[in-house]
Structures are given as structure tokens and as C-alpha cells.
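Just below is one structure, and these are the notes that go with it.
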Amino acid sequence: MIKNYINGELREPVSEKYFDNFDPAIGEAYGIVPDSDERDVELAVSAAEVAFPAWSNTPAEERTRLMLKVASLIGRDLAEFARAESVDNGKPLHLARTVDIPRAIKNFEFFASAIHGFASESHSTPEAVNYTLRNPVGIVGAISPWNLPLYLLTWKIAPALITGNCVIAKPSEITPMTAFLLSEACIEAGMPKGVLNIVHGYGSKTGSAIVSHPRIKALTFTGGTKTGAHIASVAAPMFKKLSLELGGKNPNIIFADADYPKMLETTVLSSFRNQGEICLCGSRIFVEKPIYEKFKNDFVERTKSLKIGDPLEHSTDQGAIVSKEHMEKVLSYIQLAKDEGGTILCGGNRFVPEGRCENGWFLEPTIIEGLPHNCRTNMEEIFGPVVTITPFETEEEVLMMANSTEYGLASIIWTENISRANRIAAAIQTGIVWINCWMVRDLRTPFGGVKSSGVGREGGMEALRFFTEPKNICVKL
Ligand code: NDP
């Protein structure tokens, strides 16, 4: 049974109500989640307010020590965390073990160290010296999605805590399990009461209570663009600080001179890793005409060889889709693609594994061709194992198509012509550009999107700046 983590304790929700938590690989409920409401959020905010004066004045070295302790406890229990993440989300266990949980550990370790290089500005003239203090914002809300549950939650919590804020966090109600395990790790690590509070529940209830709470001064949110727009409409009139990491419809641009084997291998990953449920996946693949047919055949063949099935089996490449509702949404987009005149080159259906997972929510990885760049299938985020492939002839044409959606999160460019790569990188409307690679991450870099993919940047100093309020002090000489 999952419980809220409020004021340093594991507590039942005030309503005493719970809802089911599902294992998508078997299509059955396996636990219950607190159905928290504004009363639980109020308790968390009150606890955070009591904790804030001492926590914000705690030396950075001590905050670092605590964060490293939490990181080491997650490391000690890595196998348990990884299994919990896989069961909750449907992702392959080996992915949770090698990517999700190690990255959650790294998030704590990275910010525990980054804080010591975080300097503030000073400006001097013969007349006066200005210096800037960077104080914690206060109580901040962190709301995260289901696709990379602990990875994205800790990406928000770690910089918020290390800069001296107290946090009210809400993981996605669909994947709450590792956030609960994190609560236990924080208790064991000796995290002071009220510094981090994790309140579970529905976005429309618990999430809304966090967003609209007048004493929560900043919100960091990762999730869908529609939800982000709603959050902004509530938070902006209250003048809250906002960081929004939203949806994407990322272009993957492949030129004929690309390093073909490396490109093909990476494109299979950038299309279907984590069931295509990564905001950075390249879902619109544009291929230069001379290699289009070859790429199409090779890509389909490689994709057909992916092993779909039980996430707990080591040989599985693609696990379950996170929920029945999401699986149906993705299937409805495959139907839309057909209605729009697309040809399904492979996949296109629900997949039914044999044995333990026969009632699970699985989809075949799907490749579609023959669609115009501006149809709905190519404009709207699907967020599943579905990609389209489209030929192009010129740089101008591919740039026009790549930039034609409302989104602007990430892009991928494959070419050995470095001048062309840099030209396109400069002109493409995304916050992140990968040249001849994908998902190569350096936590010091600014992370985030443009257009409807978000506002603000996470990562490195950007995150430390977001979670602090600058105060300029002018001293007359
Ligand atoms: P949602 O927007 O549905 O939900 C994200 C979080 O917000 C969840 O915790 C959700 O709770 C909560 N929430 C929902 N409604 C409200 C509300 N009214 N007020 C406050 N909180 C609310 O996104 P998904 O969980 O479906 O995640 C998938 C989306 O996330 C995709 O669009 C994807 O592109 C995006 N994403 C973006 C990334 C980026 O870095 N830009 C990275 C990863 C994902 P609940 O689950 O209970 O509804």
C-alpha cells in the first residue's frame, strides 16, 4: 500500500480513500494509491513552512551530505527500485536498471555537487558595488509524468532541495511506486521533517491543489502541453515562477551521407525505446530521397526483429504501454493515420504475448509512410511506438517540414557534412539538437523546448537559477 510522505511520516490520505494501481504488463491492479485532495496538500504545505527556515539556513555541505545519502540508499536498493519501476510503468526491467534508476541517483549526486560551483553575480563601478544574493524561492511544487517516473521526479526535487527550498511533489498517479520508495529512503537518510513532501493522487485533484495553493511560490511541471497550458492559466495570475517541460513531435532528419549503420541502430532506439514513451523520441523521420527505399527496408526489418513482451524478461526490447487508456489512444492514432491515407509498413496492432502477460497492454512497434507532413498524424503528439517516414529532396524542404508543428522540444540530424549539420541546427526550431547521436545527456546543459514544448529550462545552472530568487544589493563606495 502506497502512502503519502508528509512531515517526515508515511500517512494515509485525509479522505482515507484509495484507487487502484495497475501493472500494465498483466493488465491488473496490484496495489492502491492514496486519493489525496487539498487537505493533504494543505498539511504538506504547513509542514514545509515549519521546515523552511531551518532548511534554507542549513549549510550547503549538510544538504549535500543528505542528498548523497539518499542517492546511496537508492543505489543500495537499485534492484528493488528497478523492479518497482518496471512493474508500475511496463518498461523493460533492464532499462529501469541501467537507465531510469541510475539516472535518478545521478540527479541527486549531480546537484549535490553542482551547488558548490553556483556563484552569484557582482557588478562594480568606481561609485558602487552591486552584488546579487540568490535565496531559495520558498515552497515549490513539482509535478511529474509517468514515462520516466523517478528519473523525472528527482530531476526536479534534487535542484529544488539543494538550493534550500522545501518541496511538495506529486508523481503521476499512474506510476507512483518509486516515489513511495524514495519517501522511505528519505526517512532512512534522516531528511528533516517537512523538507520533502510527496502527495499522491489524481492530477485534477491533488495536482490542482498544488498548482492553485497560494503559498506555493514556484511550480516545476513536466507533462502534456494541454495540462501545461491549464497550469499556466491558474498559476500566472498568482505570479508563481513556472518551469514547464511539455510535449514534443520531434523530427529525425537523415541525409544520404549519414554514417548508415550508426544511424540505423540509433534510429531504432530513438523511435521505440521505452515503447516510444520518451518526450525526446524522434517520431517524424525524414529521409533524403537517394537512401529512402534502402532505409525503409532496413528500418522495417530491424523493427520487426524487436522482441515485445514481458518487461521482466531480459531479452525484451519493448515492454507494455503504461495504461489501457494510453494504449487505446495510440491505437486511435494508428487508425487516424490509415484514415489520412497512410500505409502501415509494420506493426499497427495490439500485441498479445503468450503466458503471464496475455492480458497486458502491448502494442507492435509501428512504421507508417505516405502521409503529408502537415496531416494530424504528423502534427499531434502520439507518445507511443509509432513513427512516420517521409522522403525529402532539399535542405529547405526538410527544414520547412521539421519546423511545421506547434512543438519544438528536440531534433536529431544525421549527416557527415558538419557545415550542413550546423546550418540546420541553427535554423531548426527546437530547444535541443542532437547531431549524429540521440539521448547523449550532459546534466550541465540547458534542457527544454521552444514553442508549445515548454517555457524555461531545466538542468545545470538553469535549474539552480530557477529555484532561487535573485536579490540585488547596491553598496555606495
Ligand atoms: P499529463 O500532462 O497528463 O500529466 C503530467 C502530470 O500532471 C501528472 O502527474 C498528472 O497527474 C498531473 N496533472 C494532470 N492534470 C493536472 C492538473 N489539472 N493540475 C495539476 N497537475 C495535473 O502528462 P502525462 O503524465 O500523460 O505524460 C506524458 C506527457 O509528458 C507527454 O506529453 C510528454 O511529451 C510529456 N513529457 C515531456 C517531457 C519534457 O521534458 N518536455 C519529458 C517527459 C514527458 P495524473 O497522472 O494523476 O493525471
Side-chain angles (χ1 to χ4, degrees), residues 2 19-22 33-38 41 88-89 91 100 103 141-153 155-156 168-177 179 198-213 216 219-235 240 242-250 273-283 321-323 325-327 329-330 333 380-384 405-410 430-432 439 441 445-459 462-463:
I2 288 175
F19 52 82
D20 285 336
N21 188 21
F22 288 87
V33 188
D35 184 2
S36 310
D37 57 32
E38 70 283 354
V41 171
D88 230 13
N89 170 276
K91 68 177 69 217
D100 290 74
R103 173 57 194 276
I143 300 177
S144 56
W146 47 256
N147 62 328
L148 302 167
L150 193 66
Y151 174 135
L152 289 176
L153 186 71
W155 181 233
K156 298 177 176 307
I168 318 295
K170 191 202 89 66
S172 169
E173 113 245 350
I174 302 168
T175 53
M177 195 61 197
I198 301 179
V199 188
H200 296 274
Y202 291 112
S204 54
K205 212 190 265 184
T206 318
S208 278
I210 293 173
V211 170
S212 59
H213 199 291
I216 295 180
L219 292 169
T220 167
F221 168 82
T222 298
T225 293
K226 223 169 127 197
T227 317
H230 171 72
I231 288 176
S233 75
V234 175
K240 295 188 185 216
L242 270 180
S243 167
L244 303 173
E245 297 297 334
L246 309 175
K249 189 75 181 173
N250 308 313
R273 196 164 211 199
N274 204 48
Q275 300 71 246
E277 296 165 343
I278 302 180
C279 54
L280 304 167
C281 280
S283 57
I321 300 298
V322 74
S323 66
E325 193 190 14
H326 191 57
M327 179 185 72
K329 179 187 151 190
V330 177
Y333 269 105
E380 297 177 17
E381 184 182 44
I382 301 175
F383 212 56
T405 75
E406 65 164 315
Y407 295 107
L409 186 54
T430 62
I432 300 156
M439 278 288 266
R441 292 281 289 121
T445 59
F447 180 92
V450 299
K451 303 201 284 191
S452 296
S453 289
V455 176
R457 292 291 180 274
E458 297 187 321
E462 301 278 345

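Order of listing sets the numbers, starting from 1, for every ligand and every atom in it. Values below: all heavy atoms of this structure, side chains included; hydrogens, waters and symmetry mates excluded. In what follows, residues are counted from 1 in the order of the sequence shown. Predicted model, so just to flag it, every value in this text is computed and none were measured.
Close approach of ligand 1 to Thr227 is summarised as follows: ligand atoms under 4.0 Å from at least one heavy atom of the residue are 1 (P), 2 (O), 3 (O), 13 (N), 14 (C), 15 (N), 16 (C), 22 (C). Atoms of ligand 1 found under 4.0 Å from any heavy atom of Ser144, numbered from 1 in the order shown, are 6 (C), 8 (C), 9 (O).
When distances from atom 4 (O) of ligand 1 to the protein are checked, no heavy atom turns up under 4.0 Å.
Of the heavy atoms in Ile143, only side-chain atoms (C-beta onward) come closer than 4.0 Å to ligand 1. At a heavy-atom cutoff of 4.0 Å, ligand 1 is contacted by the side chain of His230 but not by its backbone. For Ile278, no heavy-atom contact with ligand 1 is shorter than 4.0 Å. Only the side chain of Asn147 comes within 4.0 Å of ligand 1, judged by heavy-atom distances. Only the side chain of Leu409 comes within 4.0 Å of ligand 1, counting heavy atoms alone; its backbone N, CA, C and O stay farther away. By the criterion of a heavy-atom distance under 4.0 Å, the side chain of Glu381, and not its backbone, is placed next to ligand 1.
Thr220 and Lys156 share a side-chain donor-acceptor pair at under 3.5 Å. Judged by distance alone, the side chains of Asn274 and Asn147 never bring a donor and an acceptor atom under 3.5 Å apart.
Residue Asp88 is tested with Pro149, Pro176, Pro171 for a side-chain contact (heavy atoms from CB on, under 4.5 Å); the sole match is Pro176.
By the side chain to side chain donor-acceptor pair (under 3.5 Å) test, Ser453 is found to be paired with no residue, residues two or more places apart in sequence or in another chain being considered.
Between Gly201 and ligand 1 there is a heavy-atom distance shorter than 4.0 Å.
For atom 26 (O) of ligand 1, the closest heavy atom belonging to the protein is Trp146 NE1, 2.8 Å.
More than 12 heavy atoms of other residues, nucleotides or ligands sit less than 6.0 Å from atom NZ of Lys329.
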